[in-house]
Amino acid sequence: MSETVNLAGQIEKQLPAGLVGLMRQAGEVAAGQGQRLYLVGGVVRDLLLGRTNLDLDLVVEGDAIDLAQKLAGTTRSKITTHPRFHTAKIQREKWSIDLATARTEIYDRPGALPVVQPGTIDIDLLRRDFTINAMAVELTPGGYGRLIDPYKGQDDIKDMLIRVLHESSFIDDSTRIWRGLRYEQRLNFRLETATLKLMNRDIDRLDTISGDRIRHELELALKEEFPERVLRRAAELGVLAKLHPGLKGDSWLVEKFKQARMASDTPPPGLYLALLAYRLNSAEAEELISRLRLPKLLAQTLRDADNLKGKLGSLADPGLAPSRTYNLLHGYSQTAIIANSLAGDSPVVRQHIQLFLDRLRYVRPALTGNDLIKMGFAPGPRMKAILERLHEARLDGKVTDKKEEEKLVKGWVAKESRIDKF
Ligand code: CTP
């Protein structure tokens, strides 16, 4: 018989006191109603691993909404309930608790939404993705801190393995393929042999996942501390090709992601995505955009990054005037510009892009349209042309203050009246 493990000490040590207090209180309220309450999922895994995790999942063998409402009366937290799913969320600034009803999900037919029925914690754990995520810690007084580990998650943590609970896990939900890769790379674990075989067997099911869900999985991968590791593994296993056959998770990508982190502490996921898509051609980029149903802004970032590739040749000219650099780059999204700076290997291109981002994009002439009107110009295309020329002169350092700009404009006018052309 396996000995009982108690995680009360780890809970005290690793979670903030306020949160622990609230969990104890929730356990007491549940017990008062004759129900048991458990901490489940990722946080249990992370308690055993000594990793910080402040997104808590609680499961009650009873009614989650009822429990949440009783707790709302005694705590000052914001509580939202979802009666259809029998779940509730308690939110504070630094942490959040998801409260669910222990459940059995019955699928009437494949692809249908599951019919949810109340169940016990053991059955609730059985519907989960991997053994390391299928453990629970009891929070009700009497059993407080007791670890429930029906599928030997502790052994797999010790052996550093990612293992599914049963052989239809990836059929039930093939986004678990991406989840498996994330945990494997994040924790430096290994996909257990039979799990890897099942993954290979079920990989084509990724084609049936909606764009929104698959995008969500990719976003989660890109939010990992080292997303390139997940993508490299995804490429190795043929999972990345399911997003688009042209995507590569090779040493180039690894290097560029590292450079992105050197350029900014936490690069936005859009930058990683633009680098991932960088080696696709325009048509392929469009295919990826529609497969992932990318929101407008992200889609624009990929399109901008693609369009800018065609300008890298001009940007590689060491003698490029600042005004020309400005004209080549302005109007493109900053993320797309940075992606090109990282992806294009030319130091000259990088310098020009840096100059644009640090300085040129903020440069404006001191003279405004109103100033020109005061100088006797009428609004219209001619005035617009003068302002543009002034902007270029300012970018190229030919003028540095308002007085010089006025002088320049007057000079142009004088010349214009001489040769009757501006
Ligand atoms: N889960 C699952 N199958 C999924 C998604 C979630 O079985 N497709 C279960 C797992 O038990 C997981 C829990 O729901 O631990 C909570 O899901 P989520 O918050 O996505 O996972 P965490 O384990 O908290 O992962 P992370 O550390 O990445 O936040």
Side-chain angles (χ1 to χ4, degrees), residues 14-15 19 38-60 64 82 85-91 94-105 107 111 113-114 116 119 121-137 147-154 156-157 161-189 191 195 198-199 202 205-206 208-210 212-227 229-230 233 239 269:
Q14 288 181 45
L15 299 179
L19 187 51
Y38 304 89
L39 190 58
V40 292
V43 68
V44 179
R45 171 199 73 216
D46 288 338
L47 280 171
L48 288 165
L49 285 165
R51 294 172 67 98
T52 311
N53 184 341
L54 298 181
D55 288 330
L56 268 52
D57 287 308
L58 302 192
V59 161
V60 61
H82 301 283
F85 299 105
H86 302 276
T87 60
K89 195 176 188 76
I90 305 177
Q91 228 163 346
K94 296 216 170 86
W95 47 259
S96 71
I97 298 181
D98 281 311
L99 196 56
T101 304
R103 63 192 196 213
T104 327
E105 286 171 355
Y107 293 83
L113 276 179
V116 177
I121 189 70
D122 280 9
I123 292 176
D124 188 280
L125 292 177
L126 178 62
R127 72 184 172 83
R128 292 173 185 268
D129 51 3
F130 303 108
T131 59
I132 60 166
N133 287 343
M135 294 180 276
V137 175
L147 179 70
I148 295 158
D149 180 16
Y151 309 105
K152 299 204 165 73
Q154 276 184 107
D156 284 337
I157 284 192
L161 289 173
I162 307 294
R163 184 197 307 268
V164 285
L165 303 192
H166 53 81
E167 72 156 41
S168 36
S169 190
F170 297 127
I171 297 176
D172 289 349
D173 178 358
S174 47
T175 63
R176 287 176 173 168
I177 292 178
W178 274 101
R179 293 176 65 83
L181 303 186
R182 274 199 290 122
Y183 294 124
E184 185 194 46
Q185 298 305 311
R186 181 200 302 170
L187 304 174
N188 215 0
F189 279 24
L191 287 163
T195 301
L198 293 170
M199 201 180 256
D202 296 332
R205 290 178 185 265
L206 281 171
T208 63
I209 298 292
S210 74
D212 287 340
R213 288 191 71 205
I214 208 76
R215 183 185 69 246
H216 179 63
E217 291 305 319
L218 180 61
E219 279 167 358
L220 290 175
L222 296 179
K223 281 184 188 155
E224 290 289 324
E225 192 179 357
F226 301 109
R229 295 183 187 167
V230 183
R233 184 71 161 141
V239 173

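Order of appearance sets the numbers: ligands from 1, and atoms from 1 within every ligand.
At the top of the distance list for atom 7 (O) of ligand 1, counting protein heavy atoms only, stands Asp129 N, 2.6 Å. Shortest contact from atom 18 (P) of ligand 1 to any protein heavy atom: Arg179 NH2, 3.7 Å. In this structure, the protein non-hydrogen atom closest to atom 27 (O) of ligand 1 is Arg45 NH2, 2.7 Å. At the shortest separation from atom 24 (O) of ligand 1 among protein heavy atoms lies Gly42 CA, 3.9 Å. When only non-hydrogen protein atoms are considered, atom 9 (C) of ligand 1 lies nearest to Arg128 NH1, 3.6 Å.
Of all heavy-atom pairs between Ile121 and Ala102, the closest is N-CB, 4.3 Å. The minimum heavy-atom distance linking Ile157 with Arg45 is given by the pair CD1-O, 4.0 Å. Residues Ala64 and Ala100 share a closest heavy-atom pair of CB-C, 3.5 Å. When every heavy atom of Glu184 is checked against every heavy atom of Leu191, the shortest pair comes out as OE2-N, 2.9 Å. Closest non-hydrogen pair, Leu56 versus Asn53, comes out as CD1-O, 3.7 Å. The two residues Arg51 and Gln14 come nearest to each other via the heavy atoms O-OE1, 3.5 Å.
Distance check for atom 3 (N) of ligand 1: a protein heavy atom is found below 4.0 Å.
On a distance-only criterion, Gly41 and ligand 1 share no N/O pair closer than 3.5 Å. Backbone and side-chain nitrogen or oxygen atoms of Asp46 are examined, and none is located within less than 3.5 angstrom of a nitrogen or oxygen of ligand 1.
Ile132 has its side chain out of reach of Leu49: every pair of non-hydrogen atoms, C-beta onward, lies at least 4.5 Å apart. Using a 4.5 Å cut-off on side-chain heavy atoms (C-beta onward), Leu220 and Trp178 make no contact. Within the 4.5 Å cutoff, no side-chain heavy atoms of Lys152 are placed close to those of Thr131.
In summary, the atoms of ligand 1 found under 4.0 Å from a heavy atom of Arg186, numbered by their order in the structure, are 26 (P), 27 (O), 28 (O). Proximity to Arg182 (heavy-atom distance under 4.0 Å) selects the following atoms of ligand 1: 28 (O). Below 4.0 Å from some heavy atom of Asp57 lie the following atoms of ligand 1, by number and element: 16 (C). Of all the atoms in ligand 1, the ones that sit under 4.0 Å from a non-hydrogen atom of Asp173 are 4 (C), 8 (N).
Heavy-atom distances between Tyr183 and ligand 1 reach below 4.0 Å in at least one pair.
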